[in-house]
Peer 1: 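This structure is in C-alpha cells; I'll ask about it shortly.
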Amino acid sequence: MEKRRSQRIPIKNLAVDAYDGLGFLQGMVANVSRFGICVTNLQRRKGQPWKMTFIVSGRGKNFKMTVKPRWTIAQGASKSVGAEILELPSGWAEFVMSFEPIRS
C-alpha cells in the first residue's frame with residue numbers, strides 16, 4: 001500500500017553528498033517530493049543507518065537536510081535509498097513545487 005504523503009517527481013541533474021555516520025558518500029537524486037527523496041548510486045556499506053544527512057546540489061541551489069531512510073535496495077556495489085525528510089530546509093517546498101506538472 002502506498003504510504004507517501006506527496007507524489008514523487010522524477011528529477012535529473014541533482015547531486016547528493018550524504019553522511020551516514022561512518023563517512024561521506026556521493027549519489028544522484030532520482031526523485032523528490034516535499035517530504036521525501038530517493039537517491040541512487042550511493043556506495044554500499046554494511047548496516048542501515050537510522051538517520052543520515054544529505055546535501056542536495058544542483059540548478060543553482062544547495063539544500064542540507066536530515067533524513068530517515070525508509071528503504072534500501074542493493075544494486076551491485078551501490079545502493080538506492082528512499083528517505084523521509086525529517087527537517088525541511090528553507091526553500092525546499094518551493095523548489096520541489098517548481099518541478100510539479102502544471103494541472104489544468
Peer 1: For the pair Trp92 and Phe95, name the ring-plane relationship: parallel under 30°, tilted 30 to 60°, perpendicular over 60°.
Peer 2: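 Trp92 and Phe95: tilted rings.
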Peer 1: Got a second to check how far Lys68's NZ is from Glu87's CD, nearest 0.5 Å?
Peer 2: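 These two atoms lie 13.5 Å from each other.
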Peer 1: Check whether Leu88 and Val16 end up in the same hydrophobic cluster, where Ile, Leu, Val, Met, Phe, Trp and Tyr are linked by side-chain heavy atoms less than 4.5 Å apart.
Peer 2: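 Shared cluster, yes.
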Peer 1: Can you tell me if CD on Gln26 sees more than 12 non-hydrogen neighbours from other groups inside 6.0 Å?
Peer 2: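 Result for CD/Gln26: open.
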Peer 1: State yes or no: do Met65 and Leu25 share one hydrophobic cluster built from I, L, V, M, F, W and Y residues joined by side-chain heavy-atom distances below 4.5 Å, directly or via other members?
Peer 2: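 They do share one cluster, since a chain of ILVMFWY contacts under 4.5 Å joins Met65 to Leu25.
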Peer 1: Should Phe54 and Phe35 be regarded as members of a common hydrophobic cluster, given that ILVMFWY residues are connected when their side-chain heavy atoms come within less than 4.5 Å of each other, either directly or indirectly?
Peer 2: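 Yes, same cluster.
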Peer 1: Search all heavy atoms of Leu14 against all heavy atoms of Gly58 and return the closest pair with its distance.
Peer 2: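 Heavy atoms of Leu14 and Gly58 come nearest at CD2-CA, 3.6 Å.
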Peer 1: In a check of salt bridge (Lys or Arg N to Asp or Glu O under 4.0 Å) between Asp20 and each of Arg44, Lys51, Arg45, which one passes?
Peer 2: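 That would be Arg45; it is the only one of Arg44, Lys51, Arg45 passing the salt bridge (Lys or Arg N to Asp or Glu O under 4.0 Å) with Asp20.
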Peer 1: Atom CD of Glu94 and atom CZ of Arg34: how far apart are they, to the nearest 0.5 Å?
Peer 2: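 Rounded to the nearest 0.5 Å, the CD-CZ separation comes to 9.0 Å.
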Peer 1: Between NZ of Lys61 and OG of Ser98, what distance do you get to the nearest 0.5 Å?
Peer 2: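 Reported value, rounded in 0.5 Å steps: 8.5 Å.
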Peer 1: Nearest 0.5 angstrom please: Thr53 OG1 to Lys64 NZ, how far?
Peer 2: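 Rounded to the nearest 0.5 Å, the OG1-NZ separation comes to 6.0 Å.
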Peer 1: Looking only at heavy atoms, what is the nearest atom pair of Ala18 and Met52, with distance?
Peer 2: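 Nearest pair, atom of Ala18 first, then Met52: CB-CE, 4.1 Å.
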Peer 1: Of all heavy-atom pairs between Cys38 and Trp71, which one has the smallest distance, and what is that distance?
Peer 2: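 Residues Cys38 and Trp71, closest heavy atoms: SG-CH2, 3.7 Å.
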Peer 1: Are Tyr19 and Val81 connected in the hydrophobic side-chain network, where two residues link if heavy atoms are under 4.5 Å apart?
Peer 2: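 No, separate clusters.
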Peer 1: How many angstroms lie between OG in Ser78 and CD1 in Ile73, if you round to the nearest 0.5 Å?
Peer 2: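 Output value for this atom pair is 11.0 Å.
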Peer 1: Look up atom CD1 in Ile37 and atom CZ in Arg70, then write down how far apart they are to the nearest 0.5 Å.
Peer 2: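 The CD1 atom of Ile37 sits 15.0 Å away from the CZ atom of Arg70.
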